[in-house]
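Note sheet for the following structure.
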Amino acid sequence: MRLFDPHIHMTSRTTDDYEAMYAAGVRAVVEPSFWLGQPRTSPASFLDYFDSLLGWEPFRAAQHGIAHHCTLALNPKEANDPRCAPVLDELPRYLVKDQVVAVGEIGYDSMTPAEDTALATQLQLAAAHELPALVHTPHRDKLAGLRRTLDVVRESALPADHVLVDHLNETTVKEAKDSGCWLGFSVYPDTKMDEERMVAILREYGPEQVLVNSAADWGRSDPLKTRKVADLMLAEGFDEDDVDRVLWRNPVAFYGLSGRLDLDVAAPDATHEGNSILRGAPKDLDEVPGRAPGQGDDPAAPAPGA
């Protein structure tokens with residue numbers, strides 16, 4: 001079984017999660033830029049974060065055989081902070097990067113005028129860069145938020161079939177489907193969707209243009225939810241082709257609209273900008289190939305004087 005998690009925040013996850021995801025069948029991920037919990041105070045902190053999504057996270061993922069791409073944006077929550085607004089001016093130079101397969105997450109948090117401006121501006125950036133867009137629907141007033149989102153999409157230059165409307169549920173799926181947008185569902189342990197509700201939606205609305213993700217982040221979440229949905233689909237009578245369509249071919253088709261999706265994982269380098277993911281060393285340091293005397297306990301560190 002091959003799985004593609006089209007929305008997961010690996011910055012918040014450990015290397016153990018990459019190992020478990022690979023063992024479960026995950027071979028590709030897309031990591032949208034998002035709110036980190038602690039408010040940012042300047043555009044510079046966004047730029048460092050964007051750089052990590054373009055460099056360090058693809059490096060980490062490749063260590064475990066997983067292709068990593070990202071989406072970049074000013075997220076809805078921080079669009080309300082005037083200190084962060086200049087990020088909109090910086091985005092164009094990032095949206096040309098090969099690893100960027102969409103503009104996102106954009107959309108609404110509290111449905112403020114500042115969020116209106118950020119959403120409309122970033123939909124236009126997506127159209128100008130010939131990229132699809134990943135849109136976050138609000139966690140409160142969900143149906144009203146979806147309708148407002150779809151109005152802004154219709155007013156933009158980006159066609160609906162280049163928009164993935166995420167965090168949908170039973171109250172929003174029909175109108176989202178009728179709009180012609182792609183449909184995204186986040187499956188969580190306690191909130192948003194769960195596996196049973198997700199399978200019920202697939203049974204009612206079908207697998208066309210549906211993407212299922214874990215949206216795993218720093219909160220209580222589960223990076224193996226894509227596999228758990230796949231397993232329940234099979235147990236509930238869906239066939240392997242249905243599973244492959246929802247959990248592989250659909251995300252490949254949507255993010256493939258960017259023209260940049262590359263699912264081949266090259267043999268990873270030992271380090272990224274001089275840093276490895278190794279911390280410490282095996283118990284018997286004498287067994288470490290190429291270790292120089294006095295090198296210390298990190299086999300990736302240079303020997304003294306090197």
Side-chain angles (χ1 to χ4, degrees), residues 7-13 30-58 60 68-97 99-129 131-142 144-146 148-149 151-153 155-158 163-167 184 186 191-192 215-221 273 275:
H7 181 156
I8 184 168
H9 300 290
M10 293 307 298
T11 293
S12 307
R13 312 304 303 192
V30 166
E31 180 164 0
S33 56
F34 81 134
W35 176 57
L36 295 180
Q38 173 67 29
R40 297 179 179 93
T41 60
S42 74
S45 59
F46 279 86
L47 304 187
D48 286 340
Y49 173 50
F50 293 167
D51 287 339
S52 75
L53 296 184
L54 292 164
W56 176 248
E57 282 307 321
R60 273 214 308 159
H68 181 289
H69 294 79
C70 66
T71 77
L72 300 182
L74 173 62
N75 68 79
K77 187 173 181 67
E78 289 176 304
N80 294 296
D81 189 334
R83 296 174 299 180
C84 301
V87 173
L88 294 172
D89 298 324
E90 300 287 347
L91 274 172
R93 67 187 177 96
Y94 281 92
L95 296 181
V96 299
K97 304 290 186 180
Q99 293 295 115
V100 180
V101 292
V103 176
E105 295 178 58
I106 58 178
Y108 287 111
D109 178 61
S110 301
M111 290 184 281
T112 64
E115 292 171 25
D116 287 330
T117 298
L119 174 56
T121 298
Q122 292 180 104
L123 286 171
Q124 295 305 124
L125 283 173
H129 288 82
L131 291 171
L134 169 60
V135 178
H136 166 106
T137 54
H139 301 304
R140 304 173 301 277
D141 298 324
K142 210 159 190 62
L146 172 72
R148 189 159 169 177
T149 297
D151 285 343
V152 179
V153 168
E155 294 168 359
S156 77
L158 194 67
V163 176
L164 170 58
V165 183
D166 211 348
H167 305 315
S186 300
T191 60
K192 303 182 183 178
D217 57 18
W218 35 256
R220 186 161 190 268
S221 49
E273 296 187 355
N275 300 311

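- At least one donor-acceptor pair closer than 3.5 Å links the side chain of Tyr49 to the backbone N or O of Phe34.
- With Trp35 as reference, Lys77 is the one residue of Lys77, His9, Glu105 to meet the side chain to side chain contact (heavy atoms under 4.5 Å, CB included) rule.
- The CD atom of Glu57 sits 14.0 Å away from the NE2 atom of His69 when rounded to the nearest 0.5 Å.
- Checked by atom type and distance alone, the side chain of Glu115 pairs as donor or acceptor with a backbone atom of Ser110 at under 3.5 Å.
- The two residues Ala215 and His167 have their closest heavy-atom pair at CB-CE1, 4.4 Å.
- The closest side-chain heavy-atom distance from Val87 to Phe50 is below 4.5 Å.
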Would you check, one step at a time, whether the test side-chain contact (heavy atoms from CB on, under 4.5 Å) holds for Val30 with His7? CA-CA 5 Å; Val30 166; His7 181 156; over 6 Å; no

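- One N or O on the side chain of Asn75 and one on the backbone of Glu78 form a donor-acceptor pair closer than 3.5 Å.
- Here the closest non-hydrogen pair linking Ser45 and Ser42 is OG-O, 2.8 Å.
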Trace of the side-chain contact (heavy atoms from CB on, under 4.5 Å) decision for Glu31 with Thr11: CA-CA 8 Å; Glu31 180 164 0; Thr11 293; 2.7 Å; yes

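- Gln122 contributes a side-chain N or O that, together with a main-chain N or O of Leu74, makes up a donor-acceptor pair within less than 3.5 Å.
- In this structure, Asn80 CG and Thr112 OG1 are separated by 3.5 Å, a value rounded to the nearest 0.5 Å.
- Met111 contributes atom CE, which lies 4.5 Å from atom CG of Asp141 (distance to the nearest 0.5 angstrom).
- Closest heavy-atom contact between Leu158 and Ala133: CD2-CB, 3.7 Å.
- Glu90 contributes no side-chain N or O that, together with a main-chain N or O of Pro43, makes up a donor-acceptor pair within less than 3.5 Å.
- Judged by distance alone, with hydrogens and angles left aside, the side-chain atoms of Ser33 form a donor-acceptor pair with the main-chain N or O of Ala73 at under 3.5 Å.
- Rounding to the nearest 0.5 Å gives a distance of 9.0 Å between CD1 of Ile106 and OG1 of Thr149.
- Counting only distance, with no hydrogens or angles, the side chain of Thr137 and the backbone of Asp166 share a donor-acceptor pair below 3.5 Å.
- At least one side-chain heavy atom of Val153 sits under 4.5 Å from a side-chain heavy atom of Leu123.
- Between Leu131 and Val100, the shortest heavy-atom contact is CD2-O, 3.9 Å.
- With a 6.0 Å radius and a threshold of 12 heavy atoms from other residues, nucleotides or ligands, Lys97 has its NZ atom at or below the threshold.
- In summary, Asp116 and Arg148 engage in a salt bridge, as defined by a charged side-chain N under 4.0 Å from a carboxylate O.
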Between Val165 and Leu146, does a side-chain contact (heavy atoms from CB on, under 4.5 Å) hold up when you go through it step by step? CA-CA 8 Å; Val165 183; Leu146 172 72; 3.6 Å; yes

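- Taking both residues in full, the closest heavy atoms of Leu125 and Leu95 are given as CB-CD1, 4.0 Å, listed atom of the first, atom of the second, then distance.
- The side-chain heavy atoms of Tyr94 and Leu53, taken from C-beta on, include no pair separated by under 4.5 Å.
- Note that the CG atom of Asp51 and the CZ atom of Phe46 stand 13.5 Å from one another [nearest 0.5 Å].
- Rounded to the nearest 0.5 angstrom, Cys70 SG and Met10 CE are separated by 14.0 Å.
- Minimum heavy-atom separation, Val96 to Arg93: CG2-O, 3.4 Å.
- For the pair Thr71 (side chain) and Ala102 (backbone), a donor-acceptor distance under 3.5 Å is absent.
- Summarising the local packing, CG of Asp151 is surrounded by more than 12 heavy atoms from other residues, nucleotides or ligands at distances under 6.0 Å.
- Between Ser221 and Arg13 there is a side-chain heavy-atom pair separated by less than 4.5 Å.
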